[in-house]
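Computed from heavy atoms alone, side chains included, the values below leave out hydrogens, waters and symmetry copies.
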Amino acid sequence: MSPRVRFWRWRRNPLRRRSDVAEAWAVLATGVLLATAAPVAGAVVGLSVDSASLREGRDWHRSSAVLVKDAADGTYADQVGAVVRWTAADGSSRTGTVLVRAGSNAGTRATIWLDDGGTLRHRPATAADAAAQGTVYGVLAAVGAISLIAGGRWLIRVRLDRSRETEWEREWATVGPRWGHRPV
């Protein structure tokens, strides 16, 4: 058996069908998109999530609060949610739930983060947190792009195969009855 001929869909050949040329273009487009679109999608999403995570906490400021009651023991975690009280900029007393060290006693000081409106916020992301989050979302975006591209390629292949089967059946219906019959 002869070795496989490469790029046969691109060469002139009397057996080459239009669907073969269409499939060749689909393979080429898929390769180009996999080489360019997936990495670009991953990089763009990763960098935008990274910068958004860092930008989120820029307007927040650190403040101090006091635990209202003892924090639970941390059976599964070293930090647990606990109710704290702090004084807002307008002088009013506010309460909220934040993560504190497990087993902390009532009256212990805890660091909280507030936005410009005095609303309690989670701890802002560090540069390492933002980079990790950006990397995860970037990889997910690249995998999503690869899945879409591969799915599109699969759909094109299925459609071309159905077209070829229809063409084959039509030609067989014409040629088939003449086979096996000798002219008399």
Side-chain angles (χ1 to χ4, degrees), residues 1-60 74-81 97-99 113 115 117 119-184:
M1 181 151 210
S2 66
R4 190 172 183 185
V5 178
R6 295 185 186 274
F7 306 112
W8 69 271
R9 289 182 177 94
W10 296 102
R11 296 181 181 169
R12 291 192 181 275
N13 182 342
L15 299 177
R16 185 183 68 181
R17 302 167 288 202
R18 268 195 244 158
S19 62
D20 295 332
V21 175
E23 186 171 6
W25 281 107
V27 168
L28 179 66
T30 300
V32 168
L33 287 173
L34 285 174
T36 58
V40 167
V44 166
V45 168
L47 291 174
S48 64
V49 167
D50 183 10
S51 65
S53 294
L54 290 175
R55 194 172 48 247
E56 180 184 42
R58 279 192 187 149
D59 298 335
W60 301 348
T75 307
Y76 300 107
D78 52 337
Q79 289 192 331
V80 295
T97 303
V98 296
L99 290 176
W113 292 89
D115 62 12
T119 305
L120 186 63
R121 299 291 181 177
H122 58 81
R123 181 183 61 88
T126 63
D129 294 340
Q133 191 174 15
T135 300
V136 168
Y137 280 101
V139 167
L140 289 175
V143 168
I146 289 169
S147 298
L148 285 174
I149 293 166
R153 165 71 176 98
W154 178 80
L155 285 174
I156 290 170
R157 176 74 187 255
V158 166
R159 181 124 177 161
L160 288 172
D161 284 346
R162 286 182 184 164
S163 170
R164 288 181 202 142
E165 287 174 12
T166 302
E167 187 177 336
W168 177 259
E169 288 175 7
R170 188 173 42 247
E171 290 176 10
W172 185 254
T174 304
V175 176
R178 292 187 284 178
W179 277 32
H181 299 287
R182 291 192 175 170
V184 180

For this session: Quick one: pull up OG1 in T36 and CD1 in I149 and give me the separation to the nearest 0.5 Å.
Result: 7.0 Å
Exercise. If you round to the nearest 0.5 Å, how far is CH2 of W113 from CZ of R123?
Worked result: 9.0 Å
Seminar exercise, completed: CG of D161 to CZ of R157, rounded to nearest 0.5 Å, is 5.0 Å
Seminar exercise, completed: Here the pair of heavy atoms bringing D50 nearest to A131 is OD1-N, 3.6 Å
Exercise. Considering all heavy atoms of both residues, which atom of V45 and which atom of S48 are nearest to each other, and what is their separation?
Worked result: O-OG, 3.0 Å
For this session: May I ask you to check whether over 12 heavy atoms, not counting those of W154, lie within 6.0 Å of atom CH2?
Result: no
Seminar exercise, completed: On a heavy-atom basis, the closest approach of G81 and L99 is N-CD2, 3.8 Å
Problem set entry | Contacts of type salt bridge (Lys or Arg N to Asp or Glu O under 4.0 Å), residue R159, not counting sequence neighbours | none
For this session: Could you tell me the separation between the CG atom of L33 and the OG1 atom of T30, rounded to the nearest 0.5 Å?
Result: 6.5 Å
Problem set entry | Nearest-0.5 Å distance that lies between atom OG in S163 and atom CD1 in I156 | 13.0 Å
Exercise. Could you give the distance from CD (E56) to CG (L54), rounded to the nearest 0.5 Å?
Worked result: 10.0 Å
Problem set entry | Where P124 and G57 come nearest, the two heavy atoms and their spacing | CB-CA, 4.0 Å
Problem set entry | Minimum-distance pair of heavy atoms, taken over all atoms of A38 and A145 | CA-CB, 3.9 Å
Exercise. Under 4.0 Å between a Lys/Arg side-chain N and an Asp/Glu carboxylate O for E23 and R164?
Worked result: yes
Seminar exercise, completed: Note: S53 and A125 closest approach over all heavy atoms is O-CB, 4.1 Å
